[in-house]
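Since the structure comes first, as structure tokens, the remarks are kept for the end.
Throughout, a chain's letter reflects where its sequence line sits, starting with A, and its residues are numbered from 1.
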There are 2 protein chains.
Amino acid sequence: MANIPTNIPEKTVERLSEYRRTLIRLRRQGITHVFSHVLAALHGITAVQVRRDLMLIGFSSDTKKGYDVQVLIDFISAILDASTDQNIGVIGMGHLGQAITKYFNGKGLKLKIVASFDTNPEKVGTTIDDVPCIAMSDFEQAVAELDINMVILSCPARAAADCVIPIVNAGIKGVLNFTSSPLNFPAGIVVENYDITTLLEKVAYFVKEREENEL
Amino acid sequence: MANIPTNIPEKTVERLSEYRRTLIRLRRQGITHVFSHVLAALHGITAVQVRRDLMLIGFSSDTKKGYDVQVLIDFISAILDASTDQNIGVIGMGHLGQAITKYFNGKGLKLKIVASFDTNPEKVGTTIDDVPCIAMSDFEQAVAELDINMVILSCPARAAADCVIPIVNAGIKGVLNFTSSPLNFPAGIVVENYDITTLLEKVAYFVKEREENEL
């Protein structure tokens with residue numbers, strides 16, 4: 001594309017990812033066109049929000065039949081996806097790490113979990129859905145060999161800090177941190193912290209606030 | 001407290017939850033006071049951000065020794081926590097549901113997973129860390145008996161839509177949705193959608209954007 005917009009807000013990037021998944025589902029159902037208000041309703045947001053997001057990325061081919069589903073999928077993919085598959089490693093093969101690995105398998109995404117890492121010798125050498133578990137001591141070498149550029153951190157919180165130096169040394173560019181330990185990385189690394197406790201406490205807070213407002 | 005502030009922004013609520021977890025860890029290490037810039041560094045943010053968040057909730061007891069760790073924990077808890085324990089149900093006992101249940105167990109939070117739900121007869125009747133797995137057909141009754149007011153949705157995406165009506169009918173107030181299916185609930189229910197694919201695609205997008213800017 002001639003002009004790929006940059007500086008797209010985080011929330012818009014999240015919604016684009018969600019729109020695309022919905023559009024792929026619609027395509028599978030044989031639907032070729034969708035109106036902004038239908039897409040909006042499927043996501044529980046307003047049509048204005050959908051149109052604003054698509055305007056932000058320069059998509060404007062709204063027709064009388066609505067958006068062309070395939071054209072919009074391709075347009076969003078050109079924004080979100082890198083030109084090649086992205087290889088991902090999962091650090092920590094506890095319950096969460098295993099769940100994430102199985103969850104991703106066979107989703108047909110550009111993002112591929114190609115290896116997992118653990119310090120437990122009983123886990124090293126095993127595979128989950130063809131994803132091998134490699135010793136954390138071999139992390140740097142495996143990252144280079146398998147061309148991994150992002151990691152999902154799902155180890156126990158107490159082990160998370162020990163992963164920072166290997167991640168930095170291996171040249172990892174993005175970290176999705178599911179541990180409850182906030183981590184400091186150099187400015188060049190993209191980090192998203194998504195601790196499940198935080199998410200749940202947030203829902204609980206807004207439930208409480210709503211109940212208090214109703215009294 | 002006389003004046004509990006309301007309308008706290010979502011991101012501030014998330015950070016308050018994270019600050020509290022860090023403060024509890026500091027307390028466990030015997031630390032009684034912490035400066036805003038130390039708390040900031042532990043979270044990879046600026047001291048200005050920390051002070052702004054705490055100002056928003058009306059906390060201003062900064063001393064020459066920094067914030068009193070215990071006082072700040074209590075202050076944040078008064079904001080975030082309901083006066084009683086909150087009972088939570090997990091819908092879908094696949095890998096992710098099991099991981100979440102085990103993860104929460106024994107964390108000593110006000111939020112307690114008291115039951116899980118599944119449609120698979122082989123799972124119904126089993127327990128994970130003392131959390132019983134109940135048939136989804138008994139959802140409404142169990143919610144009433146166990147006083148559940150929030151659910152975590154970790155079932156397959158294709159099953160997520162079938163959970164909406166039982167959740168609404170049972171009077172659930174908050175939903176943390178980990179499925180890749182965006183769901184529509186009536187306005188009275190607090191919903192947070194956290195699909196792992198979306199989170200990972202977001203990290204991947206910002207990694208890609210950063211790499212392109214460096215070229």
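In terms of heavy-atom pairs under 4.5 Å with chain B, the best-connected choice from Ile88(A), Ile152(A), Asn184(A) is Asn184(A). Taking Leu80(A), Val175(A), Leu16(A), Leu96(A) one by one and counting their heavy-atom pairs under 4.5 Å with chain B, the maximum is reached by Leu80(A). Considering only heavy-atom pairs separated by less than 4.5 Å from chain B, the leading option among Ala41(A), Ser181(A), Gly94(A) is Ala41(A). Most heavy-atom pairs under 4.5 Å with chain A: of the set Thr198(B), Val13(B), Leu183(B), this distinction falls to Thr198(B). Counting heavy-atom pairs under 4.5 Å between each of Arg21(A), His43(A), Met150(A) and chain B puts Arg21(A) at the top. Among Leu111(A), Thr22(A), Val191(A), the residue with the largest count of heavy-atom pairs under 4.5 Å with chain B is Leu111(A). Per-residue heavy-atom pair counts under 4.5 Å with chain B were compared for Gly97(A), Ala99(A), Ser17(A), and the maximum is reached by Ser17(A).
Here the side chains of Phe185(B) and Val164(B) are in contact, with some heavy-atom distance below 4.5 Å.
Contacts between Phe206(A) and chain B at a heavy-atom distance below 4.5 Å involve backbone atoms as well as side-chain atoms. With a threshold of 4.5 angstrom between heavy atoms, Ala161(B) does not approach chain A through any atom at all.
Note on Arg15(A) versus Glu18(A): no salt bridge recorded, every NZ/NE/NH1/NH2 to OD/OE distance being 4.0 Å or above.
Rounding to the nearest 0.5 Å places CG of Leu72(A) at 11.0 Å from OG of Ser36(A).
A donor-acceptor pair under 3.5 Å is absent between the side-chain atoms of Asn149(B) and the main chain of Lys173(B), judged by distance alone. Using modelled atom types, one side-chain atom of Ser154(B) and one backbone atom of Ile91(B) make a donor-acceptor pair closer than 3.5 Å. Side-chain atoms of Gln98(B) come within 3.5 Å of backbone atoms of Met93(B) as a donor-acceptor pair (strictly under, hydrogens ignored).
Using the six-membered ring where Trp is involved, Phe178(B) and Tyr194(B) have ring planes that are tilted, between 30° and 60° apart.
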